[in-house]
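I have placed the structure first, in the form of structure tokens, so that the comments after it can refer back to it.
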Amino acid sequence: MTRADDRPSRPARPGGARAVVATVLTAVLAALFPVLGGAPAQAADADRLAVTIDALTPTALTSGDTLTITGRISNPSSESWSRLRVHLVMPSTPITDPAAVDEALADPTPAVTGTRLTSGSAVVAAGDLAPGDTTTFELRVPFPELRVTTSGAYPVGVHVLATGEDGARSGDAVGRAHSVVPYVDDATRPSQVSVVWPFIAPVQRDERNRYIDTTALVQSVSPGGRLRRLLDLARSDDSSPSTVLVDPALLDALRDIANDSYGPNRTDGPGGSAQFLPDEVPPDESEAAQRVRLFLSELVTYAQRHSVWALSYGRPDSFAITRPAAGDNGATVVEAANTATEATLAQFGLNARIVTWPPSGLTNATRLDGSRELGATAGLVSPEVLAGWSPVDSTAVRTTISGTPMDLVVLDPTLSDDDSATSPTLAVRQRVATRAALGALGHASRHVVLVPGAAFDPGSEWARAQFHDLFEPAWVRPTAADAQVGANAPAWEGRVRLPPKANQRAISQAQVAAAATIVETGGVVSELLGDDVRRDVFYAQSASLAVSQDWRSARTRGVQHAESQAEAVERILDRVSVSASSFVTLSGSSGRFPITITNGLSSPVTVGVRFTADHADARIEDIAPQQISAGQSVTLTVTADVGQATTTTFDASLVTAQGSTLGDDARFTVRSSVVGRVIWVFLALAMLLVVVAVVRRVVKGRKVETLDDEPLGSPRNPAPAETAPAPPAETAPAEPAPAETPSRAAQEPDA
């Protein structure tokens, strides 16, 4: 996932045009008068050696001090350089305007940095340098040689002169680096200085509930990693009133990685009674897990001794989930994010103030107001959203949004975003010290809150920078950040709004809807498997991560990721199913048939079946929720009563004990018993007719047999009645019948 940069962009500096003009004029003069010496020209190809200032003492000058600058010179070119000389560069007149200091360091022209000092301790030899080699230098210049007389900020730097392979030695520097040192002769009032250390890193889970870039997280907290160096820097002076700014998602991920346990049933997940115990180390722990556990233990221990500011879990896009268009989905995700944040902080024993840090610090009053739904009471904002703000103003202000006060901490990029050739930690220390000095002198605000960028790396030489020397001057008062916000902060009367053409498009509502599905489906899973707060917290965390503001820079992939997370939870429910024969024929208006419930999960579930019919007269009694063992199928017999319906379609839905439905319905058709009764009536009538016919035939047969047994002429068998003789024929006499054939009359009995 491409992570959005949380560092505020550098505001436009007043006088930038003057700097450009000065640079152009200097280049022109160098071209026209190549033989001129004096101040170094700013030729585009002048720096052939890389110079870094690693240490500078003291943090602020006082009379009698010796300014000591140490650093490194590297030769990345393919040319050898000899007779290196390192010169101190420093003006005799200080700068008292904070904006001018920022401009001078961003564009260190001779007009503001002064000329090279060429005598005494201000120049030191550094030997020769072959291609690819590195050497070190140290300048120790006593206070009288510095020509410092007036309070203010003094840009200081080093220029390296050297002889090339051709034997030519240019008057221009072949390498340079700059910083700044304040001098305060008489302070009016001390400046309050606070430091907030941000422990933030991209965190996302994949479909298997692992973390997408576990390797990067482990490297970051291992020796030499960015977060490891940041924690070491913060812990180098535990007595300073520092504030820890943490994303609970980072703590949660590191614990999972250390335990090598993931998913809803992970070991010691938040939401249960188990607290994070730094000293509990599982046996046979891998080396990587040991490094992660050590870092997490030290971070939590350090945070428990200092004030803590926390972001919402995973830094959800508060604007996307609190805007009216988000509706119920947004409300569901907001509640989930709050649950995830509270449960995770509680597990690590941290009481934190919730703050919001929008991407690049760009936001407006409406969005800040929405962040309150996530518990935010303060916002970390770019100076670009406060029209008219300048480095002269306080970095902690209070404004009124929707009738309610809200604290703002201005992420002044000139305090921490230094691209000069100075180690990052030293650059930050000197920038903050200079701002505090100008505040103590009355040239700027006396309230300074430093929040380095979310990706701030102290650098490999952070220890040499001696950052906590920042608090040594008498005109610096170390103060907890909580003491600089609230009612003590200066009021900001101006508007809070996005700068023109700000690209601050929130994540899509489709992504918010997918995150809400994670919460809702996860709730059903919890009901199915039995209530478990840890499982509920896990799905709340997943939903909060799914709407992270980091997805703003990859909106399409963000939707796909959230939907895949939701589908992964839905697949759990798909493994529990109900089935029945697609067509059931009953022998009457009611009848019994089987229904099967299958549990394909590795854990027992509690589930019942709810039946619905498309005909009002038809019904099947619901199956009450009951426990189905892991990997088992249970077949139950149900009774259907379809009343007067002919054909009825039923839907069988699985339900939890709390009444939530899950999975796909089983649909089946039941043929009613009304047709069956008609058929039986006709069959009964037909059988009756058959019986009647048989009986009649039997009775008639018996009568015939009885008559044959009685004597002829008896009362029950009377003789046949006498018939009249046939009339004589009018035709010719018939031929006589053959003698051997008797006549019919001879065969009949006499009358």
Side-chain angles (χ1 to χ4, degrees), residues 1 3-9 194-204 226-227 230 242-251 303 307-322 334 337-338 340-341 344-345 350 352-386 389 395-399 401 406-413 415-417 449-456 481-482 484-485 489 496 498-499 502-504 506-507 544-545 547-553:
M1 182 192 69
R3 184 185 57 79
D5 189 0
D6 290 288
R7 294 182 299 175
S9 59
S194 304
V195 179
V196 180
W197 299 114
F199 291 92
I200 298 171
V203 174
Q204 280 296 339
R226 182 183 70 83
L227 291 176
L230 183 63
S242 301
T243 296
V244 176
L245 173 61
V246 66
D247 180 355
L250 175 63
L251 303 179
S307 62
V308 179
W309 288 2
L311 304 170
S312 291
Y313 190 99
R315 295 184 289 171
D317 192 335
S318 60
F319 176 53
I321 62 179
T322 62
V334 166
N338 290 336
T341 304
T344 307
L345 291 174
L350 301 178
R353 174 176 188 157
I354 307 300
V355 301
T356 181
W357 191 342
S360 301
L362 299 180
T363 186
N364 59 19
T366 301
R367 301 183 183 191
L368 287 172
D369 191 33
S371 70
R372 286 170 166 157
E373 296 184 31
L374 293 168
T377 60
L380 309 182
V381 301
S382 166
E384 295 181 68
V385 306
L386 304 178
W389 187 93
T395 51
V397 297
R398 169 167 273 205
T399 189
I401 297 177
M406 189 169 195
D407 298 315
L408 302 178
V409 175
V410 181
L411 302 170
D412 186 353
L415 294 180
S416 62
D417 185 12
V449 179
L450 168 67
V451 184
F456 175 71
D482 286 326
Q484 297 225 58
V485 297
V496 181
L498 289 169
N503 184 15
Q504 284 293 299
I507 63 172
S544 193
L545 289 173
V547 294
S548 174
Q549 64 187 24
D550 289 343
W551 289 114
R552 284 190 178 184
S553 59

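Atoms considered below: every heavy atom in the structure, side chains included; atoms not considered: hydrogens, waters and symmetry mates. Quantities reported herein were computed from a predicted structural model and do not represent experimental measurements.
Under the rule for a side chain to side chain donor-acceptor pair (under 3.5 Å), the partners of Ser307 that lie at least two apart in sequence or sit in another chain are Thr243. Shown here are the ring-ring contact (aromatic ring centres under 6.0 Å, His included) partners of Trp197, two or more places apart in sequence or in another chain: Phe467. Partners of Ala378 according to the side-chain contact (heavy atoms from CB on, under 4.5 Å) rule, which considers only residues two or more places apart in sequence or in another chain, are Arg353, Val355, Asp407.
Going from atom CG of Asn364 over to atom CD1 of Ile401 covers 8.5 Å, rounded to the nearest 0.5 Å. If you take OG on Ser382 and CG on Leu408, they are separated by 11.5 Å, rounding to the nearest 0.5 Å. Separating the CG atom in Asp369 from the CE atom in Met406 is a distance of 8.0 Å, to the nearest 0.5 Å. Considering CZ of Phe319 and CD of Gln549, their distance stands at 13.0 Å, rounded to 0.5 Å. In this structure, Leu251 CG and Leu345 CG are separated by 7.5 Å, a value rounded to the nearest 0.5 Å.
Contact annotation: the side chain of Val244 approaches that of Phe199 to within less than 4.5 Å [non-hydrogen atoms, C-beta and beyond]. Residues Thr363 and Thr356 are not in side-chain contact: their nearest non-hydrogen atoms beyond the backbone lie 4.5 Å or more apart. Under the 4.5 Å side-chain criterion, counting only non-hydrogen atoms from C-beta, Gln204 is in contact with Trp551. Looking at heavy atoms from C-beta onward, Val385 lies in side-chain contact with Leu362 at the 4.5 angstrom threshold. Counting only heavy atoms from C-beta outward, the side chains of Leu374 and Ile354 never approach each other to under 4.5 Å. In this structure, Pro413 and Pro383 have side chains that are in contact, with non-hydrogen atoms separated by less than 4.5 Å.
With hydrogens and angles ignored, the 3.5 Å screen pairs no side-chain donor or acceptor of Gln504 with any backbone N or O of Ser360. Checked by atom type and distance alone, the side chain of Ser544 pairs as donor or acceptor with a backbone atom of Tyr313 at under 3.5 Å. At least one donor-acceptor pair closer than 3.5 Å links the side chain of Ser548 to the backbone N or O of Gly314. Using a distance-only test at 3.5 Å, with no hydrogens or angles considered, a donor-acceptor pair links the side chain of Arg226 to the main chain of Phe456. Using modelled atom types, one side-chain atom of Thr395 and one backbone atom of Val449 make a donor-acceptor pair closer than 3.5 Å. Not one N or O on the side chain of Asp482 forms a donor-acceptor pair closer than 3.5 Å with the backbone of Trp309.
Here the closest heavy-atom approach between residue Ala506 and residue Arg552 is recorded as CA-NE, 3.7 Å. Shortest non-hydrogen contact noted between Val451 and Val409 is CG2-CG1, 3.9 Å. Minimum interatomic distance between Leu227 and Ala201 (heavy atoms only, all atoms of both residues): CD1-CB, 4.1 Å. In plain terms, the two heavy atoms of Pro198 and Leu230 that are nearest each other are O-CD2, 3.1 Å. Of all the heavy atoms in Arg398 and Ala489, the pair that sits closest is N-CB, 4.1 Å. Scanning all heavy atoms of the two residues, the minimum distance from Pro452 to Val196 falls at CD-O, 3.1 Å.
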#### Entry: side-chain contact (heavy atoms from CB on, under 4.5 Å) assessment of Leu245 paired with Leu380
CA-CA 11 Å; Leu245 173 61; Leu380 309 182; 3.8 Å; yes

### Query
So Ser194 and Gln484, side-chain hydrogen bond (donor to acceptor under 3.5 Å, both in side chains) or not? Walk me through it.
CA-CA 8 Å; Ser194 304; Gln484 297 225 58; 2.8 Å; yes

### Task
I would like to know whether Ile200 and Arg315 meet side-chain contact (heavy atoms from CB on, under 4.5 Å); could you show each step before the answer?
CA-CA 10 Å; Ile200 298 171; Arg315 295 184 289 171; 3.4 Å; yes

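When the options Val381, Val397, Leu368, Thr366 are evaluated for a side-chain contact (heavy atoms from CB on, under 4.5 Å) with Val496, the one that passes is Leu368.
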